[in-house]
Asks: 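First the structure, which I've put down as structure tokens, then a few questions once you've had a look.
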Amino acid sequence: MGQVYIEELSQHEGQEVTIKGWVYNRRSSGKIHFILVRDGTGIVQGVMVKKEVSPEIFQLAKELTQESSIIVKGIVRSDERAPGGYELTLTHLELVQMAEEYPITPKEHGIEFLMDHRHLWLRSRRQHAILRIRSEIIKSIRDFFDDRGFVMVDAPLLTPAACEGTTTLFETDYFDEKAFLAQSGQLYMEAAAMACGKVYCFGPTFRAEKSKTRRHLMEFWMVEPEVAYADHEDNMRLQEDLVGYVVQRVLEKHRPELDVLERDISRLETVVPPFPRITYDEAIQRLQKAGVDIKWGADFGGGDETILAEQFDRPVFVEKYPVQVKAFYMKPDPERPEVVLCDDLLAPEGYGEIIGGSQRIDDLGLLKQRMQEHDLPDEVYAWYMDLRRYGSVPHSGFGLGLERTVAWICGLPHIRETIPFPRLINRLYP
RNA sequence: UCCUCGGUAGCUCAAUGGUAGAGCACCCGGCUGUUAACCGGGUGGUUGUUGGUUCGAGUCCAACCCGGGGAGCCA
């Protein structure tokens, strides 16, 4: 039989199969070797008994080092003692490469050491589980929008200026002209929505802020849908449908990985729309009641978000923030011009804001006024204002931070484990 | 940028101002059911850097470098 993957072993009970992989760990008892083989889909224990194989193969098994690449043949046998339910009785062993002394041992390590060896750390059970769940989350996001008739439109990564003008951007040279790494694709999605109706972009974004917290990366991935003729209410319904769908997909397909991460599943099972909604005004009242010293007009800190989120069993919307704490393009509430038609979606358990969205200003005059108030240069945004000149319509959209969503669903204490090669304030390697 | 904690063997950590140690990894030996296997032996150190106090500094003092945790900003 040809190559079989470890996750498919249950379909081959009693058969001899070939597994191509790496040595995860090895134990020996003199005349019997236990070799844990990893192949990217799982881990299985191979049992090699001295009298059942040639002396050369038995000696080779004895010399195997951690992470050596090997091809083994063995008979699949169900065994109560095996963590995955199955074992291999080994019949053949072929060495592909004998690994040098592996830096990451089965014992514990510090975070700096692990981050320096991120390229190898990815092979561990835990990181492997996170990578697979991240992959599923990305796929479920794309399926959600594709199934609803959205067109995926890519936004540029090299841009002439800031999107919102607030955060610090990475600067680069563009043939003797200044260019910046994009911090959002949103403005471009507004243009695309006027062309295709329902659109989204999904790609990396960059922030040069010197943030040093468990919630920030310099380079992170964001999905940004934008819908023509959608208002604030439509926008929030789309958001809760998306988040509910993603969580249920992960629960459905990746229980084993969530188990590896020791995730409390019950905290995810409640994540079904509709999500609770509170206004900014109510959020301020709730915080004041909880003893926080905060006044109307201030933005929330990470601790404030946690206090609010803990009061609900699923993600909670906070809507209609004061104009002054939000971006220039957000549409004022016609009934209360001091607040805008926006919402933040706060994840439970202290994972913070995973979505920020709003209805956009569709009136040219008001947009011009806001840009002047924010000191934004007309030249750079001329094209953006054109969208309000030629068939302007009400429209809304939002941005969902992929890594914060992965951290929340996986129950990770720090965002640095949610992306294969994190870019942090002091880390550009590997 | 600010606050706070830390830096000792490849890794994780001990060590009253008085001879630098353990576990893991690695090497040698033992073991037919191990689950981070276990048992015996061995290799491995400019204690982050520079300067100071002292008869004597891993330990006390100063500056700097690097990292962890948190704040601000945000997704």
Asks: Hey, does Gly352(A) reach any base, or is it just sugar-phosphate, or nothing, if we go heavy atoms under 4.0 Å?
Replies: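 Result for Gly352(A) = nothing.
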Asks: Taking the inter-plane angle between the rings of Tyr321(A) and Tyr280(A) on a 0 to 90° scale, is it parallel (under 30°), tilted (30 to 60°) or perpendicular (over 60°)?
Replies: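 Tilted, since the angle between the ring planes falls between 30° and 60°.
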Asks: Among residues at least two apart in sequence or on other chains, which ones pass side chain to side chain contact (heavy atoms under 4.5 Å, CB included) with Asp143(A)?
Replies: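 Applying side chain to side chain contact (heavy atoms under 4.5 Å, CB included) to Asp143(A) gives Lys139(A), Asp147(A), Tyr245(A), Arg249(A).
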Asks: Could you tell me the separation between the CZ atom of Phe113(A) and the C1' atom of C11(B), rounded to a whole number of Å?
Replies: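 After rounding, the reported distance stands at 6 Å.
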Asks: Might you work through the side-chain contact (heavy atoms from CB on, under 4.5 Å) test for Leu217(A) and Arg423(A), ending with a clear yes or no?
Replies: CA-CA 6 Å; Leu217(A) 293 165; Arg423(A) 294 297 171 242; 6.0 Å; no
Asks: Rounded to whole angstroms, how far apart are CD on Glu112(A) and C1' on C66(B)?
Replies: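 To the nearest whole Å, that distance equals 7 Å.
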Asks: Nearest-Å distance, CD (Glu67(A)) to P (G10(B))?
Replies: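 Roughly 22 Å, once rounded to whole Å.
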Asks: Please state the C1' separation for the pair G58(B) and U19(B) - nearest whole angstrom.
Replies: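 Their C1' atoms lie roughly 14 Å apart.
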Asks: Could you check whether any side-chain heavy atom of Phe220(A) comes within less than 4.5 Å of a side-chain heavy atom of Arg207(A), counting everything from C-beta outward?
Replies: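 Yes, their side chains come closer than 4.5 Å.
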Asks: Output the rounded distance in Å from CD (Glu52(A)) to C1' (U32(B)).
Replies: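 The distance from CD of Glu52(A) to C1' of U32(B) comes to 10 Å, rounded to the nearest Å.
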Asks: What is the distance, to the nearest angstrom, from the CE atom on Met330(A) to the P atom on C74(B)?
Replies: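 Computing the Met330(A):CE to C74(B):P distance gives 11 Å.
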Asks: Side chain of Asp79(A) only, please: which of U12(B), G33(B), A75(B) is the nearest?
Replies: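 Of U12(B), G33(B), A75(B), G33(B) is nearest to the side chain of Asp79(A).
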Asks: Using whole Å, what does the distance between atom P of nucleotide C73(B) and atom CZ of Phe170(A) come to?
Replies: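 Phe170(A) atom CZ is separated from C73(B) atom P by 19 Å.
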Asks: May I ask you to list the residues of residues 19-39 of chain A, by number, that have any heavy atom positioned under 4.0 Å from an atom of RNA chain B?
Replies: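 Within this stretch, Asn25(A), Arg27(A), Ser28(A), Ser29(A), Gly30(A), Lys31(A), Ile32(A), Phe34(A) sit under 4.0 Å of the strand.
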Asks: Rounded to whole angstrom, note down the C1' distance from G48(B) over to U16(B).
Replies: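 Nearest-Å result for G48(B) against U16(B) at atom C1': 25 Å.
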Asks: Going by side-chain contact (heavy atoms from CB on, under 4.5 Å), Arg132(A) matches just one of His128(A), Arg134(A), Glu136(A). Which one?
Replies: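 The side-chain contact (heavy atoms from CB on, under 4.5 Å) with Arg132(A) is passed solely by His128(A) among His128(A), Arg134(A), Glu136(A).
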Asks: Remember a base hit wins even if backbone is also touched, and classify Gly301(A) as base, sugar-phosphate or nothing at under 4.0 Å, heavy atoms.
Replies: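 Sugar-phosphate contact only.
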Asks: Between U59(B) and G18(B), how many Å separate the two C1' atoms, rounded to a whole number?
Replies: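 To the nearest whole Å, 11 Å.
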Asks: Of the nucleotides G33(B), A71(B), A75(B), which one has an atom closest to the side chain of Thr213(A)?
Replies: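 Selected nucleotide: A71(B).
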Asks: Between G67(B), C11(B), U32(B), spot the one nearest the side chain of Val49(A), thanks.
Replies: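 The listed nucleotide nearest to Val49(A)'s side chain is U32(B).
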Asks: In chain order, what residues pass the side chain to side chain contact (heavy atoms under 4.5 Å, CB included) check against Val246(A), with sequence neighbours excluded?
Replies: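 Val246(A) satisfies side chain to side chain contact (heavy atoms under 4.5 Å, CB included) with Ile137(A), Ser140(A), Ile141(A), Leu242(A), Ile409(A) only.
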Asks: What contact category does Glu87(A) fall into here, base, sugar-phosphate, or nothing, at under 4.0 angstrom with non-hydrogen atoms?
Replies: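 Base, at least one base heavy atom under 4.0 Å.
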Asks: In terms of side-chain heavy atoms, does Gln45(A) have a donor or acceptor partner in Arg81(A) at a distance below 3.5 Å?
Replies: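 Per modelled atom types, Gln45(A) and Arg81(A) side chains form no pair under 3.5 Å.
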Asks: Are more than 12 heavy atoms from other residues, nucleotides or ligands located less than 6.0 Å from atom CD of Glu262(A)?
Replies: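 12 or below, so no.
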Asks: What contact category does Lys50(A) fall into here, base, sugar-phosphate, or nothing, at under 4.0 angstrom with non-hydrogen atoms?
Replies: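 The residue Lys50(A) makes no contact with any strand.
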Asks: Rounded to whole angstroms, how far apart are CZ on Arg77(A) and P on G33(B)?
Replies: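 Spelled out: CZ on Arg77(A) to P on G33(B) is 14 Å.
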Asks: Only pairs under 3.5 Å count here: list side-chain donor-acceptor contacts from residues 294-304 of chain A, not counting sequence neighbours, and write none if there are none.
Replies:
residue, atom, partner, partner atom, Å
Trp296(A), NE1, Asp281(A), OD1, 2.9
Asp304(A), OD2, Gly301(A), N, 2.9

Asks: Taking 4.0 Å as the cut-off, does a side-chain nitrogen or oxygen of Asn426(A) come that near to OP1 or OP2 on G67(B)?
Replies: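 Yes, Asn426(A) has a side-chain N/O under 4.0 Å of OP1/OP2 on G67(B).
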Asks: Can you work out whether Glu305(A) or Glu63(A) has the more 5'-proximal nearest nucleotide on RNA chain B?
Replies: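 So the residue in question is Glu63(A).
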Asks: Taking only the side-chain heavy atoms of Gln45(A) (C-beta and beyond), determine which of C26(B), G10(B), G33(B) contains the nearest atom.
Replies: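 Out of C26(B), G10(B), G33(B), the nucleotide with an atom closest to Gln45(A)'s side chain is G33(B).
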Asks: Any side-chain heavy atom of Arg404(A) within less than 4.5 Å of one from Thr418(A)?
Replies: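 Result no, sub-4.5 Å side-chain heavy-atom pair not found.
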Asks: Mapping Thr105(A) and Leu217(A) to their closest nucleotides on RNA chain B, which lands nearer the 5' end?
Replies: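 Per heavy-atom nearest nucleotide, the more 5' residue is Thr105(A).
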Asks: Start with the C-alpha distance between Ser358(A) and Arg360(A), add both sets of side-chain angles, then the distance that settles side-chain hydrogen bond (donor to acceptor under 3.5 Å, both in side chains), and finish with yes or no.
Replies: CA-CA 6 Å; Ser358(A) 70; Arg360(A) 324 301 191 187; 2.7 Å; yes
Asks: G68(B), OP1 or OP2 - any side-chain N/O from Arg427(A) closer than 4.0 Å?
Replies: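 It does not, given that no N or O in the side chain of Arg427(A) lies less than 4.0 Å from OP1 or OP2 of G68(B).
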Asks: Using a 4.5 Å cut-off on heavy atoms from C-beta on, say whether the side chain of Leu258(A) contacts that of Leu251(A).
Replies: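 The answer is yes; the side chains approach within 4.5 Å.
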Asks: Which value, in whole Å, describes the distance between the P atoms of nucleotides U46(B) and U54(B)?
Replies: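 Going atom to atom, P in each nucleotide, I get 28 Å.
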Asks: In Å and rounded to the nearest 0.5 Å, what is the CD1 to NZ distance from Ile19(A) to Lys73(A)?
Replies: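 With rounding to 0.5 Å, CD1 (Ile19(A)) is 12.5 Å from NZ (Lys73(A)).
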Asks: Taking all non-hydrogen atoms of both residues, which atom of Ala309(A) and which atom of Pro348(A) are closest, and how far apart?
Replies: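 Result for this residue pair: CB-CA, 4.2 Å.
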Asks: Using the P atom as the point on both nucleotides, what is the distance between A22(B) and G41(B), in whole Å?
Replies: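 Those two atoms are separated by 11 Å.
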Asks: Check every strand shown and say whether His414(A) touches a base, only sugar-phosphate, or nothing at a heavy-atom separation below 4.0 Å.
Replies: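 Sugar-phosphate, no base atom in range.
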Asks: Look at the side chain of His109(A) and the base of C11(B), then say whether one donor and one acceptor between them are separated by less than 3.5 Å.
Replies: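 No, no donor-acceptor pair under 3.5 Å.
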Asks: What's the gap between A36(B) and U12(B) when it is taken at their C1' atoms, as a whole Å value?
Replies: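 Result for the C1' pair: 13 Å, nearest Å.
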Asks: Mind listing the N/O atom pairs, protein and nucleotides 1-9 of chain B, below 3.5 Å?
Replies:
residue, atom, partner, partner atom, Å
U1(B), O4, Lys210(A), O, 3.2

Asks: Can you tell me which stems involve RNA chain B, if a stem is defined as three or more consecutive Watson-Crick or G-U wobble pairs, both distances under 3.5 Å?
Replies: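 Expected stems, ordered by start: B:1-7 with B:65-71, B:10-13 with B:21-24, B:26-30 with B:38-42, B:48-52 with B:60-64.
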Asks: When the distance from CG of Leu345(A) to P of A75(B) is rounded to whole Å, what number comes out?
Replies: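 Atom-to-atom, Leu345(A) to A75(B), this comes out as 13 Å.
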